[in-house]
Amino acid sequence: MTVVLFTLGGTIAMAGSAEGGVVARLVGADLVAAVPGLADLGHPIDVRDARAVPSADLTYRQILDLVDAASSAVAGGAAGVVVTQGTDTLEETVFLADLLWPHPEPLVFTGAMRNPTLAGADGPANLLAAARVAAAPAARDLGALVVCHDEVHAARWVRKTHSTSTGAFVSPNTGPLGHVVEGEVRVLTRPRRLPPVPGVEADRLDAVRVALHTVTLDEDTDLVTNLFRGRDGVVVAGFGVGHVPPALAPVLGELAERVPVVLTSRTGAGAVLRHTYGAVGSETDLQRRGLVNGGLLDPYKAKVLLRVLLAAGADRAGIAAEFARRG
C-alpha cells in the first residue's frame, strides 16, 4: 500500500531566486529526496504535484478538489494521504478538509516554518513524521490532521500561534492527540469522530459570502454595519467569553434576524459562555437576540464551518445544532 503525497507549494517547497527571497520551486520528488529515512517507511510514496502557490492564494474550491483527489487515492488502495502546503492558512484548510473527509484513512497536512535555504529547516522532519502518521493504523478514524514538530493535532482544534517558531502549531484547548517518538506514532487520546457535512458543492461554496469581524475597543457601529451588507452569514469575534460593546448589540441582533450570526471569542482559547453574564452586549444578551454560540471554535474555524453549512443548505436550526455539536 502506498502513501500518496499531494504538494501545494509553501515554505516547505521554496528555494532561492535570482530576484532575491525564496519562492516555491521544489516539486514533490525534491521534497521526498531530501528526507532521510523516508525510504524505510515500509510504504512507497506516490507523489502527485498539485498547483504550487502560497497558502494565502488557496481557495475553498482547490481544497474541495484536493479532498476529491485524496478520496480517489484511498479508494485506489492508499494507506493514507499527506498534503504539503504553506502554513499561513493551514489551520483553515485542514478544518475545511476535515468537514468533508469521509474515510477512516488519515488525511495529514504538514508544512514548514523554515525554508530549505536556512539552517535547521524543519520541512524534511515534518514530512517524514506526516508520512509515518498517514501510514499508521493508530491514526485511522481521526479525520484530517496536522503533523508538525513531531506532534499530531486534530483539525478541529489546531491553531498557528507564532509567525516564525517551528513550534507554531498548537491545540490550546486540548493539546495534541499524540506524538511521533523514535519513529513510532503514539496516539494518546481519540476524540469522537464527527461525520462529514453532506451536500457541499464547489459552486455553492463559491456563491456563499461570509464575513468575519473582530470586535475592538470603542467600535464604530456604522462602519461595522457597512461591513456586513450583502453577506449570507457573519462570524463575530467578541471580547473574552463572548462580549461586545453595548452599542453594537442591537446592530448584531437586527442582523441576526436576516442572516446567521455566530458569536466566537477573539482570545485564541476557551469557550464562549452561554448564561453567566447578563448585561447588554454580554453572551446571554446576544444569544437572546438570535446569535449562535460558537462554543470552543476559534473565529477562523467558525467562518469555515458557517460557509460550509450555508453551502450545504442548512437552515438556522441546523446551523445552531452543528455549532453546538462541533463547537
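Sequence positions, counted from 1, serve as the residue numbers for this chain. Computed from heavy atoms alone, side chains included, the values below leave out hydrogens, waters and symmetry copies.
Under 4.0 Å is where a charged nitrogen must lie from a carboxylate oxygen, and between D65 and R61 no such pair does.
Within the structure, salt bridge (charged side-chain N to carboxylate O under 4.0 Å, His left out) contacts touching residues 139-164 (residues at least two apart or in different chains) are D88-K160, E91-R159, E105-R140, R159-D298. Each ring pair (Phe, Tyr, Trp, His ring centres under 6.0 Å) pair with one or both residues in residues 136-156, not counting sequence neighbours, would appear here, but there are none. Residue pairs meeting the ring pair (Phe, Tyr, Trp, His ring centres under 6.0 Å) criterion with at least one partner in residues 64-83, sequence neighbours excluded, do not occur; the list is empty. Contacts classified as salt bridge (charged side-chain N to carboxylate O under 4.0 Å, His left out) and involving residues 26-48 (residues at least two apart or in different chains) are given here: D46-R48. Among residues at least two apart or in separate chains, there is no ring pair (Phe, Tyr, Trp, His ring centres under 6.0 Å) pair with a member in residues 286-327. The side chain to side chain donor-acceptor pair (under 3.5 Å) pairs that include a residue from residues 270-282 number zero, where partners must be two or more places apart or lie in different chains.
The side chain to side chain contact (heavy atoms under 4.5 Å, CB included) search around R325 returns R192, L194, P195, E322, not counting sequence neighbours. Under the rule for a side chain to side chain contact (heavy atoms under 4.5 Å, CB included), the partners of T7 that lie at least two apart in sequence or sit in another chain are L5, L31, D49, T84. Residues satisfying the side chain to side chain donor-acceptor pair (under 3.5 Å) test with D98, not counting sequence neighbours, are none. Contacts of L100 classified as side chain to side chain contact (heavy atoms under 4.5 Å, CB included), with partners at least two apart in sequence or in another chain: L64, V67, L96, V200. Remark: P246 pairs with V280 by the side chain to side chain contact (heavy atoms under 4.5 Å, CB included) rule, at least two apart or across chains. Every residue was checked against the side chain to side chain donor-acceptor pair (under 3.5 Å) condition with T166, not counting sequence neighbours, and none meets it.
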